[in-house]
Asks: 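Sharing a structure, written as structure tokens. Questions coming.
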Amino acid sequence: MTTKEIAGKQVELDADGHLVNVNDWSDEVAKALALEEEITEINDKHMQVINFMRKEFETSGSVPSIRKITKQSGVNTKEMYSLFPGGPARKAAKIGGLPKPKGWI
Amino acid sequence: MSDEKIKKVTIVVSRGSLEGVYPGLIMANGARMEGIEADLFFTFFGLDAIIKDRMNNLKVATVGNPGMRFPNGMPMPTMMGGLPGISAMVTSMMQKEMEEIDIPPVGEFMEMISDAGCGIYACKATVDMFHLTEKDFCPQMNEVITVGEFYEKSAGAQIIFT
């Protein structure tokens, strides 16, 4: 676990570079984390996914699978891969301030 | 652990049982989720996984499978695997368990994997041997290819045979 300054705020990160505390998340933190993943701009579609994932995490306590995301958030598989190239679920979780997804799918 | 990351995989699926098909699909999907290029190549009975009318009816092979156990963990005598209905029962139990951990049925999974950018190929020799035609396959099947073309497409990839 390390502490790092992100968007002018000291936040704790886990070994995978994900926020330890979901409440440290903000739009600015999301932007900074997105840059680390080479995503230069966060648009409404990114936010649609992130908001869905954060809501799911709040209610179920776990990061939703990509299957659940694509079935319920209104963003399909192809869009997920173009929004978060090279790691749809993992990158979306990181930018959304959630832990690394542990599911199979 | 080496610093060099895997960049590309080609996964060969050669078996047509439920437990023969899923590992390849899970590995292909998992590769794409990690940003690894992936292709799936279906051969011999593995083709059933991309044949429209068969893909959602794959069964667990219960005959000759010493790993089978009852739900309570007791080993199942291998001769029971051949009794009528055992394969169907085990299959439906396994499907239920998979649904619980969010693993989709084969048809839906194939769609997901294809949308993830994974190539889906059928083996030409098997297609000819089983007298199959393009229209027998699910729409996600990209192309029927020979083993030579398979090696061409796999240039630079790790080849995984399942």
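Letters A, B, ... are given to chains in the order of the sequence lines, protein chains preceding strands, and every chain is numbered from 1. As the structure is a prediction and not an experimental result, all values here were calculated from the model. Atom set for the values below is all heavy atoms of this structure, side chains included, hydrogens, waters and symmetry mates excluded.
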Asks: Should we count NZ of K7(B) as having more than 12 external heavy atoms under 6.0 Å?
Replies: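 Check fails, neighbour count at 12 or below.
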Asks: Using a strict cut-off of less than 4.0 Å between a Lys/Arg side-chain nitrogen and an Asp/Glu carboxylate oxygen, indicate whether K31(A) and D27(A) qualify as a salt bridge.
Replies: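 Salt bridge: no.
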Asks: Using heavy-atom distances under 4.5 Å, tell me whether E111(B) contacts chain A through its side chain, its backbone, both, or neither.
Replies: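 No part of it gets close to chain A.
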Asks: Among R90(A), R67(A), K78(A), which has the most heavy-atom pairs under 4.5 Å with chain B?
Replies: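 Max contact count across the listed options: R67(A).
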Asks: Please report whether the ring centroid of Y121(B) lies less than 6.0 Å from that of F137(B).
Replies: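 Centroid distance F137(B)-Y121(B): not below 6.0 Å, so no.
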Asks: Most heavy-atom pairs under 4.5 angstrom with chain B, which of K71(A), M80(A), K91(A), E79(A)?
Replies: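 Among K71(A), M80(A), K91(A), E79(A), the one with the most close pairs to chain B is K71(A).
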Asks: For the residue pair F45(B) and F130(B), categorise the inter-ring angle as parallel (less than 30°), tilted (30 to 60°) or perpendicular (more than 60°).
Replies: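 Ring orientation of F45(B) relative to F130(B): tilted.
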Asks: Which atoms of I26(B) are under 4.5 Å from chain A, going by heavy atoms: the side chain, the backbone, both sets, or neither?
Replies: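 Looking at I26(B), just its side chain touches chain A.
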